[in-house]
Structures are given as structure tokens and as C-alpha cells.
Amino acid sequence: MTRILPQSFYARSALGVAPDLLGCRVVREMDGQHLSGRIVEVEAYLGAEDAASHAYRGPTSRSQVMFGPAGYAYVYLIYGIHHCLNVVTGEEGQGGAVLIRALEPVFGAEIMQKGRGQEDVRNLSNGPGKLCQALGIDKTLNAHDLTAGTELWLETGNRPPESIYTSPRIGVRGDEAALSAPWRFYLQGNAHISPTPFNQNGSLWK
DNA sequence: GTCAAGATTAGT
DNA sequence: CTAATCTTGACG
């Protein structure tokens, strides 16, 4: 029984995929070693109806992978400095994805820390840019097939998620609907979620 | 071609 | 609060 999440897992609305990703693992295979983390925070982005989404204005050279088949990685560079990892969801042509925002290190925390001084494990992957740095994820993995089981993939976790909370998404621009939509999902109280005031006023989702 | 803005983070 | 740093995408 394989634990790798199949294409069918991704082939539905980002709003359905996002909460289901909590508790799952991201696995990175590098230099013959495996690094992995448990997903503790995500955000859903839709297509034409979501002003905060890169897919809002239709496909562009950057966002085209979002319009492709589900189960592929969408990796982009933000602020010229940080990479962000998303998984493409939904039907081809719709343009949906889920941003992986924070991980709880499972394997290879020592390697993730390499070259970053003596950093507390809890601050290693508690943000979208930091988790990509920790796992060595950059644009070379854009459009990578996450169901193939090579280099980078997602698999089911061992432990069920704690209480799932929702809040508005962090750092987004757009219209009022996009700013207020409660499409950030996170494990309330987990030590590895990203630091934000929203953590104080989220609401129980399930 | 030009240019402002960005799904962030670390440091003052 | 602001700098860092560079790609993208909108516009002309």
C-alpha cells in the first residue's frame, strides 16, 4: 500500500483539498537522503473567482501550471527572495492550488538546519518561504509531478490532525471577498504554524 | 521597453 | 517599521 497521495486526491476543489492536507507529509529526496515534514498550515487559492489568486486573470507564463492537471507542484519566487510551494488542484483549466505554509519537521531536521546557525527547530519551517529553504525547494521543481514518488511528493501521515481552525489568508491583496474569505486552514496550537495575529482569532472548522 | 508590486522574512 | 532582491505582468 502506497502512502503517496494519488492524483484523485488533488482532482477536486482547493477548498476540499486544503483541510485534507493537514497531517499529511511533504517528502523531499535530495542527495539520496529523505527530508520530510508534517503539514500544519495551508491556504486555498481558486481561479477566476478569487482576486487573491495568481490564476485570477487567467493563465500567464507564471501561473500556467495552475491551469494544468491536478497533482503537480506550482513553485514561484516571491519578493525576489523566497520560494513558495503549492499543489495544483481541481479540474484542468480551472486554475486552483493550495499553498503549503508550514511544516512540523519529521525527518532530517538537522539537515534542514545546515547553514542556518543554531536555529530552534520550531522556527525551521513555520512559513512558506522558510519551508522551501529547509527542503531545498526552488523553481526547478515547478511543474513537478507530485504523484511520481521522485524528488518531491506528498503522502499520508501517521497521526491524525489536531483541531482544524480557519482564518483569512495571510498577506493577500484583492477585493473584499478575497481578503475576508476564511481559506487558511491550520492546526490550532501546533508549535510550527506561522506567526501571525490571525492565530488568535481563528475559528474552529472541524 | 518600462515600472510598480509582490501568497515573505529577518533585522532595527 | 523597513530593507532585501528580482521576477512577473500590466501597460504603452
Side-chain angles (χ1 to χ4, degrees), chain A residues 10 13-15 17-19 21-22 26 37 39-68 70 72-90 94-103 105 112-144 146 152 154 165-186 191-199 202:
Chain A
Y10 301 101
S13 167
L15 290 173
V17 174
L21 280 172
L22 296 173
V26 174
I39 299 174
V40 298
E41 177 181 339
V42 298
E43 278 175 5
Y45 287 87
L46 306 184
E49 66 272 49
D50 181 3
S53 174
H54 289 168
Y56 184 51
R57 293 162 198 272
T60 62
S61 58
R62 176 176 66 170
S63 69
Q64 60 175 337
V65 58
M66 285 182 76
F67 291 85
Y72 282 76
Y74 168 45
V75 181
Y76 65 91
L77 183 65
I78 187 65
Y79 295 111
I81 305 172
H82 307 287
H83 291 274
C84 288
L85 169 66
N86 297 250
V87 300
V88 176
T89 62
Q94 296 298 297
V98 175
L99 170 68
I100 310 298
R101 286 194 57 89
L103 301 176
M112 298 181 202
Q113 280 180 108
K114 218 177 170 187
R116 295 222 266 148
Q118 291 189 318
E119 186 145 21
D120 191 305
V121 182
R122 87 192 321 182
N123 294 323
L124 220 42
S125 51
N126 60 339
K130 295 163 82 173
L131 101 229
C132 282
Q133 183 183 347
L135 297 185
I137 293 169
D138 61 23
K139 293 205 307 186
T140 62
L141 286 167
N142 187 223
H144 177 77
L146 297 171
L152 177 67
L154 276 64
Y165 271 57
T166 64
S167 82
R169 294 169 295 182
I170 298 173
V172 300
R173 301 301 159 108
D175 55 26
E176 186 49 38
L179 295 184
S180 60
W183 294 344
R184 168 176 178 248
F185 300 86
Y186 62 101
H192 302 269
I193 58 176
S194 66
T196 162
F198 284 143
N199 291 338

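Per chain, numbering begins at 1; letters A, B, ... match sequence-line order.
Note: CZ (A/R173) to C1' (C/dG9) measures 17 Å, nearest angstrom. Between A/L124 atom CG and B/dA10 atom P there is a gap of 11 Å when expressed in whole angstrom units. Rounded to whole angstrom, the span from the CZ atom of A/R101 across to the P atom of B/dA7 amounts to 11 Å. Per the geometry, CD belonging to A/Q133 stands 14 Å off P belonging to C/dT5, to the nearest Å. Between the NZ atom of A/K139 and the P atom of C/dC6 there is a distance of 12 Å, rounded to whole Å. Per the geometry, CE belonging to A/M66 stands 11 Å off P belonging to C/dG9, to the nearest Å. One atom, NE2 of A/H54, and another, C1' of B/dA5, lie 11 Å apart when rounded to the nearest Å. In this structure, the CG atom of A/N123 is 15 Å from the C1' atom of B/dT8, given to the nearest Å.
Without hydrogens or angle criteria, A/R169 side chain to A/A44 main chain gives a donor-acceptor distance under 3.5 Å.
In the region residues 72-82 of chain A, proximity to DNA chain B at under 4.0 angstrom, judged on heavy atoms, holds for A/Y76, A/I78, A/Y79, A/G80, A/H82.
Closest non-hydrogen pair, A/L152 versus A/V26, comes out as CD1-CG1, 3.8 Å. A/Y45 and A/D50 make their closest contact through CA-OD2, 3.5 Å (heavy atoms, listed as atom of the first residue, atom of the second, distance). When every heavy atom of A/L46 is checked against every heavy atom of A/S13, the shortest pair comes out as CD2-OG, 4.4 Å.
For the atom pair CE of A/M66 and CG of A/N86, the computed distance is 6.5 Å after rounding to the nearest 0.5 Å.
Taking a pair as Watson-Crick or G-U wobble with both distances under 3.5 Å, DNA chain B forms stems of 3 or more consecutive pairs at B:1-6 with C:6-11, B:8-11 with C:1-4.
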(request) Evaluate the side-chain contact (heavy atoms from CB on, under 4.5 Å) criterion for residues A/E43 and A/C84: first the C-alpha distance (whole Å), next the side-chain angles of each, then the deciding distance (0.1 Å), finally the verdict. (result) CA-CA 12 Å; A/E43 278 175 5; A/C84 288; over 6 Å; no
(request) Take A/N123 and A/K130 through the test side-chain contact (heavy atoms from CB on, under 4.5 Å) and record every step on the way to the result. (result) CA-CA 8 Å; A/N123 294 323; A/K130 295 163 82 173; 4.2 Å; yes
(request) Carefully, step by step, assess A/N142 and A/R62 under the rule side-chain hydrogen bond (donor to acceptor under 3.5 Å, both in side chains). (result) CA-CA 10 Å; A/N142 187 223; A/R62 176 176 66 170; over 6 Å; no
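Put simply, A/T60 has a side-chain N or O that comes within less than 4.0 Å of OP1 or OP2 on C/dG9.
Taking atom C1' in both C/dT2 and B/dA5, one finds a spacing of 16 Å when rounded to whole Å.
The environment of A/Y56 atom OH is sparse: at most 12 non-hydrogen atoms of other residues, nucleotides or ligands sit within 6.0 angstrom.
Counting any heavy atom pair closer than 4.0 Å across all strands shown, A/R62 reaches sugar-phosphate atoms only and no base atom. Within 4.0 Å (heavy atoms only), A/S194 reaches no atom of the nucleic acid at all.
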